[in-house]
Amino acid sequence: MILNVQRGIHEAIDGAIRQRFGVAEVPAFAVEVPPTRALGDLAVPVAFQLARALRKPPRAIAQELAGAVGAIPGVARIVAAPNGYLNLYLDRPSFLTARLRGEIAPDRGVQDKTIVEHTAINPNKAAHIGHLRNAALGDTLVRALQFRGTPVEVQNYIDDTGVQVADVIVGFRELERKSIDEVRQLAASPRFDYYCWDLYARVTEWYEGDRARLAVRAAALHDLEQGGNGTAEMGAAIVDAIVRTHLRTMARLNIAYDLLTYEGDIVRLKFWAHTFEILKAQGAVFLQTEGKLAGCWVMRIDEGAAADDEAAGDEESREKVIVRSNGVVTYVGKDIANQFWKFGLLGRDFRYRRFATQGGGRTLWATTSGESDPNAPPFGRARRIFNVIDSRQMYLQALLVQALKTLGHPEEAERSIHFSYEMVTLSHATARELGHRIDPDSDDAKKPFVEVSGRKGLGVKIDDLLDLLTTKATEEVARRNPDFTPDDCRRVGAQIAVAAIRYFMLKYSRGKLIVFDIEEALSFEGETGPYLQYAVVRAGNILNKLREREGVSEADVVASLEKAAPDELLEDGDDAAHNLWAVVFEASRLDEVVEQVVRSLEFSALAKYTFGLAQTFNAFYHRYPILNEERGDRKRWRAAGVAYVRAQLTRALDLMGIDVPARM
RNA sequence: GGGCCCAUAGCUCAGUUGGAUAGAGCGUCUGGCUACGAACCAGGAGGUCGCAGGUUCGAGUCCUGCUGGGCCCGCCA
């Protein structure tokens, strides 16, 4: 953990600048990591920034500062580099021992209650890789926030009254002629989500066969929203079963939630009606009487609502329908109500029921319109909200922010964060493997990818992908570990599968469209999750052998450092000493990386950092012996380094939802 | 027409408050298992950072314009 050191350095240099140069307004400056340890552990380029104002060359400023700064806790020395950098060298032995003894806790971040909403899969079919990116990003955000001590509530929005559910109901009725009881029976089967996946695609075809059939859908949707009828009853049965399959799938990936928010409850508990009154009272919506939107309640939106501020003078404005002319509220309206509730601005609350018990005994709650469980914890009333949704919904998310602003909640608007990312598509090769045929002369064939489509039944299901990866990993584990039971192999294989897929989803920056290729995703070598696990397992093996062969535990290693000559870690040591320090130092940067990741919402940075650390560590233990090192003091410091790197790598992997097996 | 995103090695991608010699994986070529398990490591080849201007002590990174590609702008969600 390095943030505390960086903060100390920043304060000391800031003070030195004020004192030495009489500068009242010190420019914001960075404490960075130089490209190699030979150049120092941390560096400050502030002399460049001061050069103009002080009319002195950066080099001279750096030299003066180096002399003026004085002692900084943990810093061994400060050097003014010839080019103007201030380079700082840390006190290496004390740096490592303090961290191994757990004396350095991670910095606390923002303590405001934060809601992260992610996953939000339509409950009418199996979850696919598009949903996977959402959940992987969302869950990692949750873990990163928690790492910094931020209280987080994880919500999963369930659109139980939408068209997609209506479509599956239509499928059961019109195509399968199933009764509610027959549907209930089917819903009890474990692969009900797969069943609906196919049915949903068949319904889409059925509509295409005769557009008049869309009237059936409209009627089903109407009944579903209305409630208190057979359609709604069948819908509830389908939704409940599908949601549970989604939760099982996500549980395989170590993803859990605190609350399921049902859209139906927003309607039934009159959240929408209440929000509607507020919107009307504030003049945020009005009844359009002319033109093609006559009879609709609309919200006037500035063109460029997505942009930061209202580009005044822009005559261009659109009208977004919030309530249709038939009186039915749109998705946007319900979403505004939901966002208001999340901030505690609605003046009403859901009722709650226990929905399930997740891994580790964590209770999953769900909203309800029925009796509320008196033991339900307080939900909502957040200070900050992250909505994890792909970039195609940017426009809608901008509307939410605008609604908050219009209704006099600028701070909440500011704290409504759309965690946007690009979608996942399929490579042509993978689409072909799924049986998808494209006319070679069509426009689709010319595109560099194939779009996932639940409606068409085209996509890689998460469970299929996990099964494939698990099978492959399990075979590999069995081959390498003949003493493992089949159960051991399967368990470790599953952990490896999760590592592979979660790392794969995280390693691309969020602005990058992922062209998913099954061949590529199945890899366990190179920059992959299993590579990371392997590094930690090897580190663990070294420490295990140290205990088995010599009876020296990790705690013993740490305790023995006090009496060990620290040559192995000193700056004037040999290559081995430098490489040990390099890997220890890199391992300490996790908190800094998490900070950056939460600021930028760029989780690829966490993935790349972890991979780089694993790589550095792998190279280190290949090159320098630990167990077989004959000089005792050196051995102890190296073992201590291994222990620290292992602990930090394990933490980093945990942030990505990846478990570390004891062996693999 | 407007908004957002992408363009860096043969392929897939990092490089994010502008900073020290442009990196990684895959592929390719060469070498390393009598073990601290090779899901690994060492090394080689491979780059006009889409193009053109501008700002700066300094630009892959910021600004402007352009080119190519993707997504969004619905009484769907």
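This is a predicted model, so every value here is computed, not measured. A note on names: the letters A, B, ... follow the listed sequences, proteins ahead of strands, and every chain is numbered from 1.
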When we call it a touch if two heavy atoms are under 4.0 Å apart, what does A:I542 touch: a base, just sugar-phosphate, or nothing? base
Kindly indicate whether the side chain of A:N618 and the base of B:rA42 share any N or O donor-acceptor pair separated by less than 3.5 Å? no
Strictly by modelled atom types, are A:E586 and A:Y609 linked by a side-chain donor-acceptor pair under 3.5 Å? no
Using a cut-off of strictly less than 4.0 Å, decide whether A:R663 has a side-chain nitrogen or oxygen near OP1 or OP2 of B:rG37. no
Remember a base hit wins even if backbone is also touched, and classify A:V477 as base, sugar-phosphate or nothing at under 4.0 Å, heavy atoms. base
With a 4.0 Å heavy-atom cut-off, tell me which residues in residues 521-529 of chain A come close to RNA chain B, sorted by residue number. A:F524, A:E525, A:G526, A:E527
Checking all strands, does A:A30 fall into the base, sugar-phosphate, or nothing category for heavy-atom contacts under 4.0 angstrom? base
Looking at A:F516 versus A:F504, is the centre-to-centre ring distance below 6.0 Å? yes
B:rA7 and B:rC49, which share atom name C1', separated by this distance in whole Å: 10 Å
Counting only Watson-Crick or G-U wobble pairs whose two distances fall under 3.5 Å, which nucleotide matches B:rG60? none
Figure out the NE2/P separation between A:H418 and B:rC72, and round it to whole Å. 13 Å
Numerically ordered, the residues 597-609 of chain A set in heavy-atom contact under 4.0 Å with RNA chain B is A:S600, A:E602, A:K608
For B:rG70, does OP1 or OP2 lie under 4.0 Å from any side-chain N or O of A:T425? no
How many Å lie between OH on A:Y503 and C1' on B:rC13, as a whole number? 10 Å
Could you measure between the two C1' atoms, the one in B:rG68 and the one in B:rC51, and give it in whole Å? 11 Å
Go through the side-chain N and O atoms of A:Y331 and A:Q393 and say whether any donor and acceptor fall under 3.5 Å apart. yes
So A:A535, base contact, sugar-phosphate only, or nothing? Heavy-atom distance under 4.0 Å. nothing
Protein-nucleotides 57-61 of chain B N/O pairs closer than 3.5 Å?
residue	atom	partner	partner atom	Å
B:rC57	OP1	A:R52	NH2	2.1

Quick one about A:N481 and A:R663 (side-chain donor to acceptor, distance below 3.5 Å, no hydrogens or angles considered), yes or no? yes
For A:N544, which contact category applies under a 4.0 Å heavy-atom criterion: base, sugar-phosphate, or nothing? nothing
Side-chain N or O of A:N83 less than 4.0 angstrom from OP1 or OP2 on B:rA20? no
Backbone N/O of A:H418 and side chain of A:N387: donor-acceptor pair under 3.5 Å: no
Could you verify whether a donor N or O on one side chain and an acceptor N or O on the other, from A:T161 and A:E225, lie under 3.5 Å apart? no
The criterion is side-chain hydrogen bond (donor to acceptor under 3.5 Å, both in side chains); which residues satisfy it with A:E629, sequence neighbours excluded? A:R631, A:R638
What is the separation between atom CG on A:L627 and atom C1' on B:rG37, rounded to the nearest whole Å? 13 Å
Take atom CZ of A:R59 and atom C1' of B:rA20, then tell me their distance rounded to the nearest Å. 15 Å
side-chain hydrogen bond (donor to acceptor under 3.5 Å, both in side chains) between A:S391 and A:E422, intermediate numbers included: CA-CA 6 Å; A:S391 66; A:E422 283 292 327; 3.1 Å; yes
Using whole Å, report how far CG of A:L513 lies from C1' of B:rG70. 7 Å
Taking only N and O in the side chain of A:K507, is any of them less than 4.0 Å away from OP1 or OP2 of B:rA24? no
Nearest-neighbour nucleotide for the A:A43 side chain, B:rA14, B:rC4, B:rA20 considered: B:rA20
Using Watson-Crick geometry (N1-N3 plus N6-O4 or O6-N4) or G-U wobble (N1-O2, O6-N3), each under 3.5 Å, B:rA38 is paired with none
Does atom NZ (A:K292) have a neighbourhood of more than 12 heavy atoms from anything else shown, all under 6.0 Å? no
So, A:Q533 side chain and A:D659 main chain: donor-acceptor pair closer than 3.5 Å or not? yes
Could you check whether A:R510 gets within reach of a base, just the sugar-phosphate, or nothing at all, counting any heavy atom under 4.0 Å? nothing
Side-chain N or O of A:Q615 less than 4.0 angstrom from OP1 or OP2 on B:rC41? no
Mate of B:rG1 across any strand shown (Watson-Crick or G-U wobble, both atom pairs under 3.5 Å) is B:rC73
Looking at B:rG37, B:rG25, B:rU21, which one has an atom nearest to any side-chain atom of A:P35? B:rU21
Considering every strand and a 4.0 Å limit on heavy-atom distances, what is the contact class for A:E520: base, sugar-phosphate, or nothing? sugar-phosphate
Does any N or O donor sit under 3.5 Å from an N or O acceptor when you compare the side chain of A:R480 with the base of B:rA39? yes
So what does A:M664 hit on the nucleic acid, given a heavy-atom distance under 4.0 Å: a base, only sugar-phosphate, or nothing? base
Cationic tip of A:K472 within the cone over A:F524's six-membered ring, i.e. under 6.0 Å and within 45° of the normal? yes
What integer distance in Å separates A:D517:CG from B:rC13:P? 11 Å
Step-by-step side-chain hydrogen bond (donor to acceptor under 3.5 Å, both in side chains) determination, A:Y421 to A:R133: CA-CA 9 Å; A:Y421 62 92; A:R133 189 175 196 184; over 6 Å; no
Partner lookup for B:rA24, please. Criteria are Watson-Crick or G-U wobble with both distances under 3.5 angstrom; report none if nothing qualifies. B:rU12
Just checking A:H118 against A:F419, ring centres under 6.0 Å apart? no
Could you check A:R547, A:R636, A:R646 and say which one makes a salt bridge (charged side-chain N to carboxylate O under 4.0 Å, His left out) with A:E554? A:R646
Rounded to the nearest Å, what distance is computed from the CD atom of residue A:E451 to the P atom of nucleotide B:rC71? 6 Å
Please say which of A:D265, A:L400, A:T261 ends up in a side-chain contact (heavy atoms from CB on, under 4.5 Å) with A:N338. A:T261
What pairs with A:R491 under salt bridge (charged side-chain N to carboxylate O under 4.0 Å, His left out), at least two apart in sequence or on another chain? A:D488
Pair partner, B:rG18 [Watson-Crick or wobble, under 3.5 Å]: none
Minimum side-chain heavy-atom gap A:P123-A:V165 below 4.5 Å: yes
Which one, B:rC13, B:rG70, B:rA20, comes nearest to the side chain of A:K447? B:rG70
Distances for protein N or O near nucleotides 74-77 of chain B N or O, under 3.5 Å:
residue	atom	partner	partner atom	Å
B:rG74	OP2	A:R318	NH1	3.2
B:rC75	O3'	A:R324	NE	3.2
B:rC75	O2	A:S325	N	3.3
B:rC75	O2	A:S325	OG	3.2
B:rC75	N3	A:S325	OG	2.8
B:rC75	N4	A:K292	O	2.9
B:rC76	OP2	A:R324	NE	2.5
B:rC76	OP2	A:R324	NH2	2.9
B:rC76	O3'	A:R324	NH2	3.1
B:rA77	OP1	A:R324	NH2	2.4
B:rA77	OP2	A:R324	NH2	3.2
B:rA77	OP2	A:Y331	N	3.3
B:rA77	O3'	A:D159	OD2	2.6

